Amino acid sequence: EVQLVESGGGLVQAGGSLRLACAASGFTFDDYAIGWFRQAPGKEREGVSCISSSDGSTYYADSVKGRFTISSDNAKNTVYLQMHSLKPEDTAVYYCAATPLDYSGSYYCGLDGMDYWGKGTLIIVSS
């Protein structure tokens, strides 16, 4: 059974930091890229960051560049999202998702490219 389980959400003050973790199981981790997405109240789900479990290549949305860092621990089948300088507009449910790498090792870090999704973890950033 495929599982993606997020952890690390919570309440934090603006300017603070949090680290999310996404523990994956039930598929070959090294053959996938893992992404973080978020959905704020009343808004559409959007991409935040992705990382290839194969070569470590990363993608960041402009809104989080310089503040968030994605990393992968392949030995633990876990991807992390370290978030600094959090803003109230970062408040959302954060989801991790997995998309297969293609034959060249590339991936598409988009909502419609993901095969598997976690259930999400809520982050609230207070002003």
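The structure displayed is predicted, hence computed values, not measured ones.
- The same ILVMFWY cluster, assembled from side-chain heavy atoms under 4.5 Å apart, contains both V93 and I124.
- Taken from CG in N77 to OG1 in T28, the straight-line distance is 9.0 Å, to the nearest 0.5 Å.
- Ion pairing of D62 with K65 is present here, as a side-chain N (NZ or NE/NH1/NH2) and a carboxylate O approach within less than 4.0 Å.
- When every heavy atom of L111 is checked against every heavy atom of R45, the shortest pair comes out as CD1-O, 3.2 Å.
- Between A92 and L122 the shortest heavy-atom distance is O-CD1, 3.6 Å.
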Practice task
Run the numbers on V12 and V125 for side-chain contact (heavy atoms from CB on, under 4.5 Å), then give the verdict.
Solution key: CA-CA 5 Å; V12 63; V125 183; 3.9 Å; yes
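- Residues F29 and W36 fall within the same hydrophobic cluster, defined by Ile, Leu, Val, Met, Phe, Trp and Tyr side chains chained together at heavy-atom separations under 4.5 Å.
- Y60 contributes a side-chain N or O that, together with a main-chain N or O of I70, makes up a donor-acceptor pair within less than 3.5 Å.
- Atom CG of residue L81 and atom OG of residue S71 lie 8.5 Å apart, to the nearest 0.5 angstrom.
- To the nearest 0.5 Å, atom CG of residue L4 and atom CG of residue D115 are 10.5 Å apart.
- In this structure, F68 CZ and Y94 OH are separated by 4.5 Å, a value rounded to the nearest 0.5 Å.
- Counting only distance, with no hydrogens or angles, the side chain of Y107 and the backbone of S57 share a donor-acceptor pair below 3.5 Å.
- The shortest side-chain heavy-atom distance between M83 and L20 falls under the 4.5 Å cut-off.
- One finds the CG atom of L11 at 10.5 Å from the CD1 atom of I123 (value rounded to the nearest 0.5 Å).
- For the pair A61 and G47, the tightest heavy-atom approach, listed with the atom from each and the gap, is CB-O, 3.5 Å.
- The ring of F27 has its center closer than 6.0 angstrom to the ring center of Y32.
- A continuous path of Ile, Leu, Val, Met, Phe, Trp and Tyr side chains, each step under 4.5 Å between heavy atoms, connects V64 with I51, placing both in one hydrophobic cluster.
- Scanning both residues, C50 and M114, for their nearest heavy atoms gives SG-CE, 4.1 Å.
- The two residues S53 and I34 have their closest heavy-atom pair at OG-CG1, 4.1 Å.
- A distance of 8.0 Å separates NZ in K119 from CD in Q3, rounded to the nearest 0.5 Å.
- For the pair R38 and Y95, the cation does not sit on the ring face, since its NZ or CZ is not both under 6.0 Å from the ring centre and inside 45° of the axis.
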Exercise for the section: Evaluate ring-ring contact (aromatic ring centres under 6.0 Å, His included) for F37 paired with W117, printing each intermediate quantity in order. Expected result: CA-CA 10 Å; F37 297 80; W117 288 87; 5.0 Å; yes
